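Heads up, the thing below is written out as structure tokens.
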Amino acid sequence: MTLIGRRADTARLGELLRDTRLVTVTGPGGVGKSALAAEAIGRLGRGRSAPEVLRVDMAPVREAAAVHRRLAEAARRLPESGWRAAVLLVDTCEHVAGAVVDGLEALLRQRTGLRVVVTSRVPLGGGAGAAAAGGAASSGGAASAGGGVRRRPGPRGATLRLEPLAPDDSVALLESLAPHDALADDAGREALHATCDLLEGLPLAARIAASQLARQRPDRLLERISRPAGCLDLAVEEPRWPARQRSLRASLRWTHRLLTPAEQLLWARCAVFPGTFRLPDAARVCADERLPAPALPAVFRALQRQGVLAVRERGGGRAIAGAAAGAADRPDRPVRMVRPVRAYGMEQLVRLGEEAAFQRRCLDWTMVPDEGSED
Ligand SMILES: Nc1ncnc2c1ncn2[C@@H]1O[C@H](COP(=O)(O)OP(=O)(O)OP(=O)(O)O)[C@@H](O)[C@H]1O
Ligand SMILES: [Mg+2]
């Protein structure tokens, strides 16, 4: 499949792989981590210079033992050190991050010619291990630990954080997938552009939306996607797609299940913010005895790391080596929830019976002039 946009990200990942033996591609569900990793690895060489490439999918795995078994099977199929360059793609690791870090540390130490690309919705963390320190870009020191997933220190490497597609690329993607009829008139094209705006540059959302266009006019699709539940529930009946990618609801549920109860609660409560907000705003509106104010900064940062709270930087991923990984999660930056994430959080808030109370607190916050966000 041809990638739309992502030229800079593909080049950046290629560069990182020349310098570093372990690169983690992170970003929210459906942003295109696996697609980018496959594309960049595919460009590492042609013909005899092409590395041996293996992919291990961790999506179906639940136990550490199964993670290690899969890595051991991959190791047996990999060429011995020094014989031929090899790249291992370890895909979908956020739910078994600790075991993956642990297993990769051993593997990288044993196979000195091996390079590894990991995809994960959250950064893997890491720290003291030196197994991956084979090149310049790995010199950033210990990567940030953390995220909702508990993990141990592991091999250091670089992290490429993938942001949603730029608006033009997002439109180009939806148009490339849409049937000819949908683009036949101005009204159809306008509806598709408006649909792209609502989907906020998420390639998975564009693919799901495009699949509806076989039986639905663009204006009707736009109307469905304009409703929060409609946007979450649009589904693709495609057994070859991973179950977590057949709707945005399934994709967000996958992320939600990885969070701690406090992170889930803050996600739900932050859904009352209509636009951008900062940590002090979240503390003012969302803290109570169930979510005490002193605990809130750590929970807030965890949601940033996991892409639930987004710092929008459209049009290109950002590479973060080692210790610099924490810079992207600075709590003083304004954050927002992209539309589907907010819709999912709001549903949780309603389910918890807290919608009225927290909408009211948000209204009070709205009434306070700017200094209200500085306590
Ligand atoms: N730049 C792109 N151009 C065209 N299609 C894309 C692009 N990026 C992603 N896609 C497609 O969008 C869908 C989601 O992408 P992908 O599976 O890579 O997301 P992901 O970030 O790995 O998601 P998850 O977190 O669920 O693993 C896939 O069908 C993929 O082929
Ligand atoms: Mg993936």
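Since the model is a prediction, treat every value here as computed from it, not as a measurement. Throughout, numbering of the chain's residues begins at 1 and tracks the sequence. Only this structure's heavy atoms are used, side chains among them; waters, hydrogens and symmetry mates stay out. For ligands, and for the atoms within them, numbers begin at 1 and follow the listed sequence.
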Compare every heavy atom of Arg111 with every heavy atom of Leu78, then report the nearest pair and how far apart it is. O-NH1, 3.3 Å
Contact summary for Val308 and Met337, nearest pair of heavy atoms: O-CG, 3.7 Å
To the nearest 0.5 Å, what is the distance between CZ (Phe358) and CE (Met346)? 11.5 Å
Hey, is ligand 1 close enough to Gly30 that some N/O pair sits below 3.5 Å? yes
Taking N or O atoms only and a 3.5 Å limit, does Lys33 qualify as a polar contact for ligand 1? yes
Can Gly5 be said to touch ligand 1, with heavy atoms closer than 4.0 Å? no
Could you identify the single nearest non-hydrogen protein atom to [atom] and state the distance to 0.1 Å?
atom: atom 1 (N) of ligand 1; result: Ile4 O, 2.9 Å
atom: atom 29 (O) of ligand 1; result: Arg207 NH1, 2.8 Å
atom: atom 5 (N) of ligand 1; result: Met1 CE, 3.3 Å
atom: atom 27 (O) of ligand 1; result: Arg244 NH2, 2.8 Å
atom: atom 18 (O) of ligand 1; result: Ala35 N, 2.9 Å
atom: atom 9 (C) of ligand 1; result: Pro203 CB, 3.4 Å
atom: atom 17 (O) of ligand 1; result: Gln245 NE2, 3.0 Å
atom: atom 16 (P) of ligand 1; result: Gly32 CA, 3.7 Å

Heavy-atom contacts with [X] under 4.0 Å: which atoms of ligand 1 show up? List them by number with element.
X: Arg6; result: 1 (N)
X: Ser34; result: 18 (O), 22 (O)
X: Arg121; result: 24 (P), 25 (O), 26 (O)

Short question: side chain of Arg115, backbone of Leu17 - any donor-acceptor pair under 3.5 Å? yes
Assess the residue pair Leu160 and Leu36 against the criterion (side-chain contact (heavy atoms from CB on, under 4.5 Å)); give the C-alpha distance rounded to whole Å, side-chain angles, the decisive distance to 0.1 Å, and a yes or no. CA-CA 11 Å; Leu160 180 73; Leu36 178 80; 3.8 Å; yes
Quick one: sort the Phe273 and Trp365 rings into parallel, tilted or perpendicular, breaks at 30° and 60°. perpendicular
Check Leu173 against ligand 1 and report side chain, backbone, both or neither, counting heavy atoms closer than 4.0 Å. side chain
Ignoring hydrogens and geometry beyond distance, is a side-chain donor-acceptor pair present between [X] and [Y] at under 3.5 Å?
X: Arg121; Y: Thr255; value: yes
X: Gln304; Y: Arg301; value: no
X: Arg246; Y: Ser211; value: no

Validate the cation-pi geometry between Arg244 and Trp254: distance from NZ or CZ to the six-membered ring centre under 6.0 Å, angle to the ring axis within 45°. yes
Can you tell me if Ser34 has an N, O or S atom under 2.8 Å away from the Mg ion (ligand 2)? yes
